[in-house]
Amino acid sequence: MEHRISFKRLVCLCITVLFGGLAATQDAMAQSPSKGAIVQMDRAALHEHFKHMGYKTRGGIAKFKTNHDSDGGGNNGDARSLPHFSSSFTVGGVTFPFTMIGHQPRSGRSTHIPNILVPLRMHFVGFGPNGDVNVDFDPTPAVVNIANSPIFQDASFANGVGQFNDMMQRATFFQQLDREREWHVLWSEPKIFPAVDIEVTPETGTLFQVDPTHFFGDVLFDFMDAEIRTIIELTGMEPDEVPIFITDGVTNQALGYHSAFSVPNHNGKEAFQTFIFTSWLDPALVDPIIADISTLNHESAELINDPFINNIVPDWRYPPESDPRAVCSGNPFLEVGDPEGNGPTFDDFPTVVVPLNGFNYHLQDLVLLQWFADEVPSSAQNGWYDFPATTDITMPAVYCH
């Protein structure tokens with residue numbers, strides 16, 4: 001899969017694609033006290049800022065198009081996509097079908113997900129009272145750390161040694177695996193693109209300062225989404241590979257998100273493109289609960305468990321029920337990161353530290369399929385409802401009525 005494009009041309013197009021009317025439609029972004037002013041925040045305020053920002057999804061594919069097994073190759077009338085399999089669970093007499101990345105667990109077939117790490121080098125220009133403050137955010141060190149992280153490299157978990165997402169999926173389908181237990185859902189060794197430069201002005205972003213030398217940036221969600229889709233189109237990224245767009249210290253009105261959308265294929269047939277945007281936040285500057293790969297492990301697991309953003313589940317309440325902040329989520333999707341990581345009770349669930357390659361990575365704890373499916377006991381490995389902590393959730397979801 002070759003990506004033939006001049007990055008100089010790509011950068012120019014990405015920078016100019018939306019400048020114009022976008023900012024006028026996105027006044028919801030706080031600019032305090034005036035557009036371009038640098039917002040001063042201490043660490044406590046920064047923590048609350050990120051807490052309320054949370055995670056998002058974008059796009060989605062019609063359920064009838066994905067509700068079957070497919071090798072993703074576009075054969076027999078299928079759309080080109082990532083390989084996926086379908087199944088279902090029943091709650092209260094209602095059947096909820098789902099589609100996930102990989103082949104049927106009983107098949108024993110391994111899936112390797114091609115992926116591309118795309119560094120987004122963000123240039124915030126024209127900030128401050130005189131419009132002369134410029135701050136660059138270079139994600140190169142973050143990309144190296146991510147490539148060496150438990151998302152792509154083997155690490156130790158409660159059920160053995162392997163990549164995080166693979167170990168989570170094998171725990172989920174433990175009782176359905178083939179006899180030889182050869183089934184896996186693995187990320188391939190990542191390709192790393194050259195950094196793509198994106199310019200952010202006060203019309204499309206906000207700059208935060210936490211001390212004399214450290215800044216954080218935030219950009220409009222639609223601005224970032226349009227930049228990403230432009231990059232995908234101009235580089236010719238394929239539907240059977242997952243681009244992962246990475247910033248360091250820059251969010252997009254969300255800590256991260258994953259997306260799926262339909263695109264025309266080369267032969268005129270439909271194809272389904274997925275991608276991830278993830279921010280990397282320096283663990284020396286932010287609380288562990290949102291540090292380093294906590295956003296990526298959230299988004300990568302959600303992409304695997306709800307790749308086309310169409311797996312519907314019963315309306316659930318944020319756990320634990322003992323926390324008075326627990327409320328109905330209003331979230332209809334099988335998003336495994338959201339129950340513990342995207343609501344008012346998220347600080348009840350600390351990240352799990354996984355040491356690897358000389359770095360202590362912080363992984364958000366996620367719920368397993370069995371939590372949504374109201375299984376008692378859970379059919380997951382050792383009766384678990386969550387991973388990688390495995391003991392933070394001890395009962396299935398409480399549903400809203």
Side-chain angles (χ1 to χ4, degrees), residues 1-11 13-14 17 57-62 65-86 99-103 109-120 143 146-147 151-152 163 165-166 184-196 198 224-246 256-278 296 299-310:
M1 303 169 192
E2 298 184 11
H3 306 282
R4 302 177 183 274
I5 187 165
S6 162
F7 272 86
K8 184 174 182 181
R9 175 171 172 257
L10 170 62
V11 169
L13 285 170
C14 285
V17 66
T57 59
R58 169 57 66 92
I61 307 297
K65 295 182 178 181
T66 65
N67 197 22
H68 60 280
D69 294 0
S70 172
D71 64 5
N75 304 309
N76 302 318
D78 279 355
R80 284 196 61 202
S81 65
L82 297 171
H84 52 271
F85 72 95
S86 291
T99 301
M100 295 185 180
I101 296 302
H103 301 283
R109 296 179 63 186
S110 291
T111 300
H112 291 81
I113 307 172
N115 62 94
I116 311 166
L117 304 186
V118 185
L120 301 179
V143 170
I146 285 172
I151 304 299
F152 299 104
Q163 293 180 359
N165 292 113
D166 184 45
H184 293 275
V185 180
L186 298 159
W187 291 97
S188 300
E189 181 179 354
K191 303 175 185 177
I192 300 179
F193 259 33
V196 177
I198 297 178
M224 180 65 81
D225 191 67
E227 295 283 329
I228 286 172
R229 291 185 63 153
T230 299
I231 295 169
I232 291 173
E233 179 181 357
L234 293 180
T235 56
M237 294 178 182
E238 299 289 347
D240 61 353
E241 56 190 354
V242 180
I244 301 174
F245 296 88
I246 301 167
Y257 74 106
H258 68 107
S259 182
F261 59 95
S262 178
V263 293
N265 204 356
H266 303 304
N267 57 8
K269 295 183 178 180
E270 195 172 27
F272 303 145
Q273 180 68 60
T274 63
F275 70 82
I276 291 171
F277 164 82
T278 181
L296 181 54
E299 296 298 343
S300 63
E302 290 192 338
L303 184 138
I304 288 172
N305 282 271
D306 188 20
F308 307 117
I309 315 176
N310 60 16

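Only a predicted model underlies this, so the values are computations on that prediction, with no experimental measurement involved. Throughout, numbering of the chain's residues begins at 1 and tracks the sequence. FYI, side chains are in, hydrogens and waters are out, and symmetry mates aren't considered; it's all heavy atoms of this structure.
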Quiz item: What is the minimum heavy-atom distance between M224 and F277, and which atoms define it?
Solution: CE-CE1, 3.8 Å
Exercise. Check T235 against F193 and note the closest heavy-atom contact, atom names and distance.
Key: CG2-CE2, 3.8 Å
Quiz item: Under the side chain to side chain contact (heavy atoms under 4.5 Å, CB included) criterion, do H103 and D69 qualify, and how do the steps go?
Solution: CA-CA 7 Å; H103 301 283; D69 294 0; over 6 Å; no
Quiz item: With a 3.5 Å cut-off and no angle check, do the side chains of H68 and D78 form a donor-acceptor pair?
Solution: yes
Quiz item: Is the closest side-chain heavy-atom distance between R80 and D240 below 4.5 Å?
Solution: yes
Quiz prompt | Residue pair I151 / I146, side-chain heavy-atom distance below 4.5 Å | solution = no
Quiz prompt | T274 and S259: CA distance, side-chain angles, deciding distance, side chain to side chain contact (heavy atoms under 4.5 Å, CB included) verdict | solution = CA-CA 6 Å; T274 63; S259 182; over 6 Å; no
Exercise. Could you tell me whether a side-chain N or O of N115 sits under 3.5 Å from a main-chain N or O of S188, the two making a donor and an acceptor?
Key: yes
Quiz item: Are T66 and N310 linked by a side-chain donor-acceptor pair shorter than 3.5 Å?
Solution: yes
Self-check item: T278 backbone acceptor or donor facing E299 side chain under 3.5 Å
Solution: no
Quiz item: Where do M237 and I231 come nearest, in terms of heavy atoms and distance?
Solution: CE-CG2, 4.2 Å
Quiz item: More than 12 non-hydrogen atoms from neighbouring residues, nucleotides or ligands closer than 6.0 Å to CG on N76, yes or no?
Solution: no
Quiz item: Where do T99 and P307 come nearest, in terms of heavy atoms and distance?
Solution: O-CD, 3.2 Å
Self-check item: Candidate pair F245 and V196, rule side chain to side chain contact (heavy atoms under 4.5 Å, CB included), full reasoning
Solution: CA-CA 10 Å; F245 296 88; V196 177; over 6 Å; no
Exercise. Drop me the distance from L303's CG to T57's OG1, to the nearest 0.5 angstrom.
Key: 11.5 Å
Self-check item: Reported OG-to-CD distance for the pair S81 and E238, which is rounded to 0.5 angstrom
Solution: 12.5 Å
Quiz item: So, the side chain of H84 versus the backbone of L82: is there a donor-acceptor pair under 3.5 Å, distance only?
Solution: yes
Quiz item: Is the backbone of L186 close enough, under 3.5 Å, to the side chain of D166 for a donor and an acceptor to pair up by distance?
Solution: no
Self-check item: Partner of S262 under side-chain hydrogen bond (donor to acceptor under 3.5 Å, both in side chains), chosen from K65, E270, Q273
Solution: E270
Quiz item: Distance from R229 atom CZ to R58 atom CZ, nearest 0.5 Å?
Solution: 8.5 Å
Quiz item: So which heavy atom on V185 is nearest to which on G102, and how close?
Solution: CG2-CA, 4.3 Å
Exercise. Provide the closest heavy-atom pair for M100 versus N305 in the form atom of the first, atom of the second, distance.
Key: CE-OD1, 3.3 Å
Quiz prompt | Spacing of I244 atom CD1 and F152 atom CZ [to the nearest 0.5 Å] | solution = 4.0 Å
Quiz item: Considering only heavy atoms from C-beta outward, does the side chain of H258 approach that of I309 to under 4.5 Å?
Solution: yes
Quiz item: How are the rings of F275 and Y257 set to each other: parallel, tilted or perpendicular (split at 30° and 60°)?
Solution: perpendicular
Exercise. Find out whether I113 and I304 are in side-chain contact, i.e. whether some heavy atom of one side chain is under 4.5 Å from a heavy atom of the other.
Key: yes
Self-check item: Reported CD-to-CG distance for the pair E302 and N165, which is rounded to 0.5 angstrom
Solution: 11.0 Å
